[in-house]
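Accompanying notes for the structure given below.
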2 protein chains.
Amino acid sequence: MGRWQPDSRGRLQEAALALYSERGFDQTTASQIAERAGLTERTFFRHFVDKREVLFGGSTVLQDHVVAAVAGADATDGPMQAVGRGLAAAADMLGAGRKDLIRQRHGVISANPELRERELVKLSDCGAAVAAALIKRGVRDLLAHLAADAAMTVLRSGIERWAYGDDDRSLAMVMDELLADMKALLLSASAIPVLASQSTDIEPESQHV
Amino acid sequence: MGRWQPDSRGRLQEAALALYSERGFDQTTASQIAERAGLTERTFFRHFVDKREVLFGGSTVLQDHVVAAVAGADATDGPMQAVGRGLAAAADMLGAGRKDLIRQRHGVISANPELRERELVKLSDCGAAVAAALIKRGVRDLLAHLAADAAMTVLRSGIERWAYGDDDRSLAMVMDELLADMKALLLSASAIPVLASQSTDIEPESQHV
DNA sequence: TAGAGTGATTACAGTTACTGTCATCACTGA
DNA sequence: TCAGTGATGACAGTAACTGTAATCACTCTA
């Protein structure tokens, strides 16, 4: 056996989720997490850059999975098809995890503004990585970012609806429906998405500030 | 004259933007900002909940403006039309501001991860408020959130393209084009946005983790 | 016009998230 | 056997915040 208990990183993650759940994020000190994991505060900060990051250890793995799927899409796939592959990969990975743990983590995160903040960054980073993968496939910069953003919208709200939904639909099915809804929504606006006309025609001079 | 110099909040905002620009966000202490504004650190934290918030004083104003426009859209407008009104309002307001100040602020924010984090939250909050306004108009919850998310995508990337673009197109025009691109993108995927089939047909059992 | 609020500010002490640095010591490979 | 190596601990320090009490120009009222 080693000099120390194995998997200190994992123990810290487990301790943190437990404590954040029990007493809340800002009622928990880094020192307490470390103590529960049988380590010191200094070691906590050697494993995680800050107190929030301990909840987002898996995000890199998920992101890499999604990006790999996008990059590996058929050469004939357009940007939205490629992005669909990425979402399918995410659904595979998350669908394999335990829904109750996902809900627990989601509960902790949405209960605290600082944690929500961090989650938004992770989603944004994932979107940027997906966009980069699309660009590498030859997609124009602008379209790549729009497609990646749409994918992140579907991913985020898909996970939420799936985790808390009544029915037992798979995450992939939920996301599929979201994509369809999004398409219908944009289509329905074929009439007047024109901006310039709205702002200048209707209130010609009434802008203050 | 009053007991103190007027507009301490404004002086703090100005001092902060200047110092963050000059020496960077984390090379600046709250105490230094307060000192430049002729105040104390404690007063800084009475005006702004944290060191980042001082850069986002105007975000509430913009959000309220956008939400009001969405809420005030014609009763016959669909969700995307209503959201278009909101974007037009945002374009009016930002178009009136000085582009160089917007660029300076954008530069400071994008140079620091903590500030990018905060900006994402503001955008997300704005999206939530827009979604709420849509729901009040009778739009289904799901569609409201999708429309609001799309609007935030257009708002964010629109501002960026407008602020750094070579041409002199108005912000409204840029956003208009983005909406059109987004629509075209979603339409192009009419072939296969189907998720479930992709993940199960192509790699039946190969999920690890 | 005295005198009781009011509200923005200062002063000061405290907590805690995080960082830098050096020491420790089981393990590894030559 | 013995010089690395790498994860950890020990300890001191900085700065972002927070709580609380005091100050004092201003305002309102009797």
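Protein chains get the first letters and strands the later ones, always in sequence-line order, with residue 1 at the start of each. Note that these values count all heavy atoms, side chains included, but never hydrogens, waters or copies made by symmetry. None of these values were measured; they are calculated from a predicted model.
- One atom, CD of B:Glu53, and another, P of D:dC17, lie 11 Å apart when rounded to the nearest Å.
- Closest approach to the B:Lys51 side chain among C:dA17, D:dC17, D:dT8 is made by D:dC17 (side chain taken as heavy atoms from C-beta onward).
- Atom P of nucleotide D:dA15 and atom CG of B:Leu19 are separated by 14 Å, given to the nearest angstrom.
- Distance, A:Arg52 CZ to C:dA17 C1': 10 Å, rounded to whole Å.
- Taking 4.5 Å as the limit, every side-chain heavy atom of B:Tyr20 sits out of range of all side-chain heavy atoms of B:Ile109.
- No N or O donor and acceptor, one from the side chain of B:Arg3 and one from the base of D:dC26, sit under 3.5 Å apart.
- Checking the phosphate oxygens (OP1, OP2) of C:dA11, no side-chain nitrogen or oxygen of B:Thr40 falls inside 4.0 Å.
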Worksheet item: Yes or no on salt bridge (Lys or Arg N to Asp or Glu O under 4.0 Å) for B:Asp77 and B:Arg137, after CA distance, side-chain angles and deciding distance?
Response: CA-CA 10 Å; B:Asp77 282 344; B:Arg137 288 172 58 86; 5.1 Å; no
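- Going from atom CD of B:Gln5 over to atom P of D:dA25 covers 14 Å, rounded to whole Å.
- With the nearest nucleotide of DNA chain C identified for both A:Phe25 and B:Leu39, B:Leu39 has the one nearer the 5' end.
- Under the 4.0 Å criterion applied to side-chain N and carboxylate O atoms, B:Lys51 and B:Glu114 are not assigned as salt-bridge partners.
- At a cut-off of 3.5 angstrom, the base of D:dG9 holds at least one donor-acceptor pair with the side chain of A:Arg46.
- For B:Glu41, the side-chain atoms get nearest to D:dA16 when compared with the rest of C:dT10, D:dC11, D:dA16.
- Between D:dA7 and A:His47, no contact under 4.0 Å exists linking OP1 or OP2 to a side-chain N or O.
- Tested against B:Tyr164, the residues B:Arg103, B:His106, B:Lys99 include a single side chain to side chain donor-acceptor pair (under 3.5 Å) partner, B:His106.
- Per the geometry, CG belonging to B:Leu12 stands 12 Å off C1' belonging to C:dT9, to the nearest Å.
- In terms of phosphate contacts, B:Thr43 brings a side-chain nitrogen or oxygen within less than 4.0 Å of OP1 or OP2 of C:dT10.
- Of the two residues near DNA chain D, A:Arg42 and B:Arg42, the one whose nearest nucleotide lies more 5' is A:Arg42.
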